[in-house]
Amino acid sequence: SPFEQVVIDAATAQGLQCVPRVGVGGYRVDIAVRHPQEPERFVLAIECDGPNFSEAPACRDREIGRAGVLTRMGWNIHRSFSTAWHKDPEAELARLLESYRAASLK
């Protein structure tokens with residue numbers, strides 16, 4: 001989605017290595033971020049409020065189901081919402097970078 005590309009561009013400009021649509025079948029992470037020293041490993045999943053978010057059959061699927069599955073699989077999750085990003089992109093980018101730093105230390 002266009003919003004996902006905005007997030008990818010902003011994160012990439014800060015040196016993060018982003019890969020869109022990582023996963024298998026119909027179950028994909030919107031944006032996966034590679035570990036800074038181990039590029040073969042993903043350290044953070046960024047979920048955006050794009051098509052995957054709005055197409056979830058229920059709020060519970062969107063808010064609990066996906067996050068629970070990803071967490072059990074070892075992913076660290078960061079959520080970026082377009083309205084918050086539009087309102088204050090610098091603050092949202094700072095939140096994303098903090099999530100990345102914390103995940104990179106694990």
Side-chain angles (χ1 to χ4, degrees):
S1 75
F3 173 59
E4 290 170 12
Q5 192 60 53
V6 167
V7 174
I8 289 170
D9 292 346
T12 301
Q14 296 297 313
L16 279 63
Q17 297 177 35
C18 299
V19 180
R21 311 296 299 146
V22 170
V24 293
Y27 196 79
R28 299 184 181 273
V29 171
D30 294 330
I31 304 165
V33 184
R34 295 187 185 277
H35 189 279
Q37 283 78 40
E38 302 172 40
E40 70 282 354
R41 182 166 73 95
F42 292 109
V43 68
L44 185 66
I46 303 173
E47 290 196 320
C48 300
D49 58 345
N52 283 338
F53 185 83
S54 61
E55 291 173 1
C59 180
R60 181 180 187 159
D61 296 328
R62 198 171 45 232
E63 298 298 323
I64 299 169
R66 282 181 55 91
V69 169
L70 290 171
T71 300
R72 285 190 298 279
M73 293 176 66
W75 285 89
N76 297 291
I77 302 168
H78 175 84
R79 288 195 171 146
S80 287
F81 294 102
S82 56
T83 53
W85 195 280
H86 179 72
K87 182 178 177 183
D88 192 347
E90 293 82 15
E92 289 303 304
L93 179 58
R95 272 187 355 94
L96 188 153
L97 293 173
E98 181 55 36
S99 293
Y100 172 72
R101 282 187 206 95
S104 297
L105 296 174
K106 293 181 178 180

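Values below: every heavy atom of this structure, side chains too, minus hydrogens, waters and symmetry copies. One is the number of the first residue; the rest follow in order along the sequence.
- Separating the OG1 atom in Thr12 from the CD atom in Gln17 is a distance of 9.0 Å, to the nearest 0.5 Å.
- Put simply, the side chain of Asp49 never gets that close to the backbone of Phe81: no donor and acceptor are under 3.5 Å apart.
- The CZ atom of Arg34 sits 13.5 Å away from atom OG of Ser104, with the distance rounded to the nearest 0.5 Å.
- Once rounded to the nearest 0.5 Å, the distance linking CZ of Arg101 with CG of Leu44 reads 12.0 Å.
- Rounding to the nearest 0.5 angstrom, the gap separating the CD1 atom in Ile77 from the CG atom in Asp30 is 11.0 Å.
- Val19 places a side-chain heavy atom less than 4.5 Å from the side chain of Phe42.
- Of the inter-residue distances, the one linking Glu4 atom CD with Glu47 atom CD reads 10.0 Å to the nearest 0.5 angstrom.
- Of all heavy-atom pairs spanning Val43 and Ala103, the tightest one is CG2-O, 3.1 Å.
- The distance from the NE2 atom of His78 to the SG atom of Cys48 is 8.0 Å, given to the nearest 0.5 Å.
- Taking every heavy atom of both residues into account, Val22 and Ala32 meet most closely at CG2-CB, 3.6 Å.
- We find that Glu98 and Arg95 are not joined by a salt bridge, their nearest charged nitrogen and carboxylate oxygen being 4.0 Å or further apart.
- Using a 30° and 60° split on the angle between ring planes, Phe3 and Trp85 fall in the perpendicular class, above 60°.
- With Tyr100 as the partner, the side-chain contact (heavy atoms from CB on, under 4.5 Å) test is satisfied by one option alone out of Leu105, Asn76, Val33: Val33.
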